[in-house]
Amino acid sequence: MKTAIRIDETTGLKAFDTRAAKASERIAGKGYSAVADAALKVLPPPPPGAVFDAEEQAKYRAYKEARRGAADYMAMEGEFARYLEDVYSAPPVPREPLTDECEVLVVGAGFGGLLLWHKLKKAGFRDVRFCEKGGDVGGTWYWNRYPGIACDVEAYSYLPLLEEMGHVPTMKFASGFEILEYCQLIAQRTGFYDRCLFHTTVDRTTWDEADARWTVRTDRGDRMRARFVVLANGILTTPRLARIDGMETFQGETFHTSRWNYHVDLAGKRVGIIGTGATAVQVIPELAKVVGHLYVFQRTPSTIDVRDQRATTPEEIEAWSKEPGWALARRERLARISSGRTALQGNDDYLSGKVSDFKERKQHERPLAPQEMIAKQLDTNFRIMEQIRARVDAIVKDPKTAAALKPWYPYGCKRPTFHDEYLPAFNLPQVTLVDTAPRGVQRINERGVVHDGVEYPLDVLIYATGFQWMGTASFNLITGRDGRTLRDKWRDEGVRTFLGIHSHGFPNLFIMSGPQGGGGQFNFIMGLESHTDYVAWMLETMRARGATVVDVKEAPEQEYAAHCRAADLLSAPLRDCLSYYNGEGGAEPGSLAYYGGPEEWHGRRRAAQEDLEPYVFESRD
């Protein structure tokens, strides 16, 4: 048995060897395939005169209201707790509980944790420790290993540290399996594995005012103390399960897409999948290739945009090997694109620097008011949605199926999806779309799914019901000054942060990619770059000032929270549907994602860093 904890002779700090072995070699797969048929890789032209007029707006509203209240998700407890089990790794490496102290404790070992370690190490911080509930690095790429998984942002801009690692992705939209391997490469090259406690879930984090330390308790019996705590849990990490009558009675195999069971042989089986969001759009084409029959249970369709996957060319690899900083420059060019669809499609000529802009700029006769800009965006948005709906008609042969697959809400209101094999899958004889709109599947029995009085017998039932948006459990388990939890503060006062990173009354706590956190755009790595840069800056600033405690003042926090609310309300017409982005229509404006834009967020960040006015620094011990 290996030694899980040792003393590093160079630093004198504890080093860990808790990375778990892979559970099975069956856990393997690929992402998007490149499609040869050119007709599947284009959108039809927009219909002449398409305008988002009152009639179309009413159609969108009716579509939304018919689904209001239909989303019902349950806690994965009791018999449903098995959907949260780690199926990808061998059992946790045995170790003794830790009751010692470190300078920085980070929760999470996804790209946020990996990036932060790279920057802190470069800045000279060594006493840094990570807790990760999974058995290896990767975060969302650890938990999501379903067939067909791939990144929706081009990998050349999405993957961080490509130049530093000397790595070039094999595909423009890299497979999730390739991304996981890249995370492991970063961990190996940077010494991250020595710093991380895997299969370790933080249970409770409590501020000790007298000692100016956080006490961090875990499910492994640890009671560690840390001067600083950083939450790098990610924004889509906690799976959610639809609550359906009778679901516990089903006698076949079941699992959630975030815990894909590769021990279940799907070949020739009758398989049902509930959900047609971003995960299902990637899974369904792969399932259609192997199952006996696939039943897709859909409440609300996704927007199925063009993917146009391709392999990285030898010419690109050669050119980039001679271009220092090629990936960073490409990511910065991507960040200048404010349109989500344009950014996610990734124009190669612009991103590689061959042309100076990604579109022809229009000149308005006068400056437009924000409301006028929103109206113009809605018209453009509607024309794109008309093209996406026309694409369904152009590909799907059965008119009834095609009608059910058309989304009637603003583009980007739900998470956009991209695929060139998804719509053709519904032309296959072994694939059946079961339209459960607007309320969704209402009943499951021991044999399968029942809808509108029809029973669909199944051998395997797969839940593609997604994740909680910014629902990281650790937000609710943090106790700050005066014994007040972060959950209680946000419940009583509304979500209030400064820059999405600090919350008054919770000193030395940094939240990355949490509610109200800006600095990025449709490429989440941009946000992580901004947040990790900020945390590293703050720790360096405190070191230079001799400060050991930092909190934020109430006034700047209140002003920032009001700004987040105003930005959310202003842009709300662009997101007028029910989705996890707005808590299925129930979230308070400004309480979740940041809608002020990267330029505004960075302006506020720079102002704070220049005058340090929002902060309260203290020097203890």
Side-chain angles (χ1 to χ4, degrees), residues 32-47 50 56 59-60 62-63 66-67 147-148 150 152 173 270-309 341 344-345 381-438 440-441 449 451-452 454 456 462 464 577:
Y32 298 127
S33 300
V35 172
D37 187 347
L40 297 176
K41 299 188 290 185
V42 295
L43 288 182
E56 298 297 343
K59 186 184 296 185
Y60 275 29
Y63 194 82
R67 289 160 172 77
D152 275 343
F173 301 99
R270 298 169 301 178
V271 177
I273 184 168
I274 295 178
T276 51
T279 293
V281 167
Q282 295 183 338
V283 167
I284 285 166
E286 300 304 315
L287 290 176
K289 296 171 185 177
V290 299
V291 301
H293 202 98
L294 177 64
Y295 294 95
V296 179
F297 298 95
Q298 171 191 277
R299 183 181 72 203
T300 305
S302 289
T303 54
I304 311 299
D305 211 335
V306 171
R307 177 70 295 162
D308 197 13
Q309 170 71 301
R341 181 171 184 270
L344 292 168
Q345 288 202 314
N381 184 312
F382 178 71
R383 287 190 290 272
I384 293 170
M385 289 299 291
E386 286 284 82
Q387 291 178 271
I388 285 172
R389 290 187 282 264
R391 187 189 192 204
V392 177
D393 284 329
I395 294 175
V396 179
K397 296 175 182 177
D398 177 61
K400 183 178 179 181
T401 301
L405 286 167
K406 293 179 184 177
W408 294 93
Y409 48 78
Y411 187 93
C413 182
K414 291 180 177 290
R415 181 174 174 174
T417 70
F418 303 80
H419 216 293
D420 301 330
E421 293 184 279
Y422 179 78
L423 293 175
F426 292 96
N427 292 329
L428 300 173
Q430 70 271 27
V431 178
T432 298
L433 178 69
V434 183
D435 183 17
T436 67
V441 172
V449 171
H451 181 70
D452 276 350
V454 179
Y456 298 90
I462 301 169
C577 73

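Using the six-membered ring where Trp is involved, His293 and Tyr295 have ring planes that are tilted, between 30° and 60° apart. A perpendicular orientation is assigned to the rings of Tyr60 and Trp408, their planes being inclined by more than 60° (bins at 30° and 60°).
The CD1 atom of Ile273 lies 5.0 Å from the CD1 atom of Ile284; values are rounded to the nearest 0.5 Å. Note that CG of Leu43 is 8.5 Å distant from CD1 of Ile384, once rounded to the nearest 0.5 Å. To the nearest 0.5 Å, atom OH of residue Tyr32 and atom CZ of residue Phe418 are 8.0 Å apart. The distance from atom OG1 of Thr303 to atom CG of Leu405, rounded to the nearest 0.5 Å, is 12.0 Å.
The closest side-chain heavy-atom distance from Ile395 to Tyr422 is not below 4.5 Å. Proximity of Leu433 to Val396: side-chain heavy atoms (C-beta onward) are nowhere separated by under 4.5 Å. With contacts defined as side-chain heavy-atom distances shorter than 4.5 Å, the pair Val35/Glu421 qualifies. Residues Ile462 and Val271 form a side-chain contact, since some pair of their non-hydrogen atoms from C-beta on lies under 4.5 Å apart. Between Pro416 and Asp305 there is no side-chain heavy-atom pair separated by less than 4.5 Å. You'll find the side chain of Glu386 stays beyond 4.5 Å of the side chain of Pro46, heavy atoms only. Side-chain contact between Arg415 and Asp152 is present, with heavy atoms from C-beta onward closer than 4.5 Å. Between Val441 and His451 there is no side-chain heavy-atom pair separated by less than 4.5 Å.
Gln298 places a side-chain N or O within 3.5 Å of a backbone atom of Ala404 that can act as its donor or acceptor partner. Between the Asp452 side chain and the Val454 main chain, no donor and acceptor come within less than 3.5 Å of each other. Formation of a donor-acceptor pair under 3.5 Å by the Asp420 side chain with backbone atoms of Arg307 is found in this model. Checked by atom type and distance alone, the side chain of Arg389 pairs as donor or acceptor with a backbone atom of Pro407 at under 3.5 Å. Put simply, the side chain of Thr300 never gets that close to the backbone of Ala437: no donor and acceptor are under 3.5 Å apart. Side-chain atoms of Gln430 do not come within 3.5 Å of backbone N or O of Val291 as any donor-acceptor pair.
Minimum heavy-atom separation, Gly277 to Ser302: CA-OG, 3.6 Å. For Pro301 against Tyr409, the heavy-atom pair with the smallest separation is O-OH, 2.6 Å. Among all heavy-atom pairs drawn from Asn427 and Lys397, the shortest one is OD1-N, 2.9 Å. Of all non-hydrogen atoms in Ala34 and Gln309, the two that sit nearest each other are CB-O, 3.6 Å. Taking each heavy atom of Pro424 and Leu40 in turn, the nearest pair found is CG-CD2, 3.9 Å. Minimum heavy-atom separation, Gly275 to Ala280: O-CB, 3.1 Å.
At a threshold of 4.0 Å, the pair Asp393-Lys406 counts as salt-bridged, since one of the basic side-chain nitrogens sits closer than that to a carboxylate oxygen.
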*asked:* Run the side-chain contact (heavy atoms from CB on, under 4.5 Å) test on Met385 and Asn381 for me, step by step, so that the C-alpha distance in whole Å, both residues' side-chain angles and the decisive distance to 0.1 Å come before the verdict.
replied: CA-CA 6 Å; Met385 289 299 291; Asn381 184 312; 3.7 Å; yes
_Could you walk me through whether Val306 and Arg391 satisfy the side-chain contact (heavy atoms from CB on, under 4.5 Å) test, starting with their C-alpha distance in whole Å, then the side-chain angles of each, then the deciding distance to 0.1 Å, before giving a yes or no?_
CA-CA 9 Å; Val306 171; Arg391 187 189 192 204; 3.9 Å; yes
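The aromatic ring centroids of Tyr456 and Phe297 lie less than 6.0 Å from each other.
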